[in-house]
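What follows is a single structure, written as structure tokens, with notes after it.
Reminder, nothing fancy here: chain letters follow the sequence lines and each chain counts from 1.
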There are 2 protein chains.
Amino acid sequence: MPPPATAPIGVVLARTAKTAARAFDHALATAGSSQPIWQILISLKTRTVANQRELADAVGIQGATLTHHLNGMETTGLVTRRRDPDNRRVHLVELTDQGEQLFHRLATAAIAHDKRLRTGFTDDEITLLASLLHRLAANVTDEPAP
Amino acid sequence: MPPPATAPIGVVLARTAKTAARAFDHALATAGSSQPIWQILISLKTRTVANQRELADAVGIQGATLTHHLNGMETTGLVTRRRDPDNRRVHLVELTDQGEQLFHRLATAAIAHDKRLRTGFTDDEITLLASLLHRLAANVTDEPAP
DNA sequence: TATTGTTATACTCTATAACTATA
DNA sequence: TATAGTTATAGAGTATAACAATA
């Protein structure tokens with residue numbers, strides 16, 4: 001029996017996201033990784049980040065928190081950090097081969113997870129759901145003008 | 001510019017939930033509380049939980065984690081715990097007046113948050129969204145039969 | 001023995017403040 | 001002075017394992 005339609009949408013959203021996140025977190029843990037590391041890997045692969053501050057913003061964490069994760073990732077050989085010759089204040093973060101490999105393994109897990117999530121949905125339904133979620137997020141995003 | 005529709009639905013879901021959760025967490029913090037405490041209060045008010053194990057399940061945490069939170073809530077005067085005379089292994093958790101008051105304050109904040117989330121949505125759209133989210137959650141819930 | 005809950009301990013993620021290095 | 005990043009420290013939330021109390 002599903003919960004009544006009168007349940008606050010915020011509760012439904014949080015509950016769904018928690019359920020989905022737990023399933024994916026488990027997949028990440030099985031692959032020997034975690035959410036923040038996965039987020040950092042994605043950002044490094046799919047965005048052009050000029051510096052660590054932008055990377056932290058992309059991941060949605062503070063700079064010091066990012067440093068914490070990068071320290072661990074450097075220790076385990078996933079990334080390297082070196083000074084930018086053009087501006088030695090900037091530390092260039094780069095994936096190692098090992099980091100690349102982990103990224104691909106996690107990407108495979110992510111694709112499998114998403115396929116599982118989409119079970120029983122049509123493409124149109126997914127598009128509709130994504131659209132509704134975007135509108136929802138916009139309602140609690142208080143950035144007036146970028 | 002919204003992210004492309006090709007973004008994995010899991011990513012869209014996680015991002016939306018994180019945005020919404022941050023906004024609500026901020027409201028909870030302003031009211032001097034937090035998510036786990038709010039979840040515990042909701043469960044105590046709206047469900048009939050026979051014991052702490054059921055309460056932990058309702059909140060989605062382990063028993064020891066619940067004990068941790070209940071210790072804090074007892075210290076700050078939100079709940080009381082006493083032995084069930086019928087089964088002295090069971091600890092009955094009850095809200096104090098102060099706990100009731102906090103519940104009502106947080107409920108007010110939750111209602112305001114949900115109203116904010118619903119901005120620009122019709123009731124039908126919210127019902128549709130909830131329905132889609134329920135189906136999504138069902139895809140990653142691996143309980144065969146209760 | 002099984003059930004209920006607590007204690008002890010530790011780990012992850014996160015943040016703020018103070019600091020270093022560079023410009 | 002301003003910017004980029006690190007270090008130091010702390011706190012919240014969570015979990016597992018070992019334990020105590022009760023049945």
Side-chain angles (χ1 to χ4, degrees), chain A residues 14 17-19 21-22 24-26 28-41 43-44 49-76 78-94, chain B residues 14 17-19 21-22 24-26 28-41 43-44 49-76 78-94:
Chain A
K18 186 174 187 177
T19 302
R22 289 220 167 169
F24 186 45
D25 286 354
H26 185 264
L28 288 175
T30 300
S33 194
S34 65
Q35 268 294 344
I37 290 176
W38 169 231
Q39 293 303 321
I40 290 167
L41 291 175
S43 296
L44 288 175
V49 285
N51 53 43
Q52 286 189 200
R53 177 161 228 164
E54 284 189 17
L55 182 54
D57 285 348
V59 176
I61 58 180
Q62 294 301 116
T65 305
L66 176 62
T67 295
H68 167 78
H69 291 300
L70 289 180
N71 287 346
M73 293 173 76
E74 198 167 28
T75 299
T76 55
L78 297 176
V79 299
T80 56
R81 276 181 288 191
R82 61 186 177 85
R83 299 268 186 181
D84 183 344
D86 293 348
N87 180 347
R88 289 183 46 76
R89 287 178 300 192
V90 172
H91 289 206
L92 298 174
V93 181
E94 288 163 346
Chain B
K18 187 174 187 177
T19 302
R22 289 220 168 169
F24 186 45
D25 286 354
H26 184 264
L28 287 176
T30 300
S33 194
S34 65
Q35 268 294 343
I37 290 177
W38 168 232
Q39 292 303 320
I40 290 167
L41 291 176
S43 297
L44 288 175
V49 285
N51 53 43
Q52 286 190 197
R53 175 161 230 163
E54 285 189 16
L55 181 54
D57 285 348
V59 176
I61 57 180
Q62 294 301 117
T65 304
L66 176 63
T67 295
H68 167 77
H69 291 301
L70 289 180
N71 287 345
M73 292 174 77
E74 198 168 29
T75 299
T76 54
L78 298 176
V79 300
T80 56
R81 277 181 287 191
R82 60 187 177 84
R83 300 267 186 182
D84 183 343
D86 294 348
N87 180 349
R88 289 184 47 76
R89 287 177 301 191
V90 172
H91 289 207
L92 298 175
V93 181
E94 287 164 345

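- Annotation: side chain to side chain contact (heavy atoms under 4.5 Å, CB included) contacts of B:Ala58 (sequence neighbours excluded): B:Ser43, B:Arg47.
- In this structure, CG of A:Leu66 is placed 14 Å from P of D:dA4, rounded to the nearest angstrom.
- Five base pairs at each end of the helix from C:dT1-D:dA23 to C:dA23-D:dT1 define two local axes, and these are offset by 20° (rounded to 10°).
- Atoms CG and NE2, on A:Leu70 and A:His91 in that order, are 11.0 Å from each other to the nearest 0.5 Å.
- Comparing B:Arg22 and B:Arg81 against DNA chain C, the residue whose closest nucleotide sits nearer the 5' end is B:Arg81.
- Within the structure, a side-chain polar atom (N or O) of B:Thr65 is placed less than 4.0 Å from OP1 or OP2 of D:dA15.
- Summarising the geometry, the separation between CG on A:Asp25 and P on D:dT14 is reported as 13 Å, rounded to the nearest angstrom.
- For residues 50-66 of chain A, there are no side-chain hydrogen bond (donor to acceptor under 3.5 Å, both in side chains) pairs, not counting sequence neighbours.
- Nearest-nucleotide positions on DNA chain D place A:His68 closer to the 5' end than the other of A:His68 and B:Gln35.
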Pairs: protein N or O with nucleotides 21-23 of chain D N or O, under 3.5 Å:
{"unit_1": "D:dT22", "atom_1": "OP1", "unit_2": "B:Arg88", "atom_2": "NH2", "d": "3.3"}
{"unit_1": "D:dA23", "atom_1": "OP1", "unit_2": "B:Arg88", "atom_2": "N", "d": "2.8"}

Just the atom pairs and distances: protein N or O near nucleotides 18-20 of chain C's N or O, under 3.5 Å.
none

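- Interface residues of residues 50-63 of chain B facing DNA chain D, ordered by number: B:Ile61, B:Gln62; criterion, heavy-atom separation under 4.0 Å.
- Listed pair B:Asn71 / C:dG5 fails the phosphate criterion, with no side-chain N or O lying under 4.0 Å from OP1 or OP2.
- Close to C:dC13, at under 4.0 Å from its OP1 or OP2, lies a side-chain N or O of A:Ser34.
- Set against D:dT14, D:dT6, C:dA8, the side chain of B:His69 has D:dT14 as its closest nucleotide.
- The nearest whole Å value for the distance from the CH2 atom in B:Trp38 to the P atom in D:dA12 is 21 Å.
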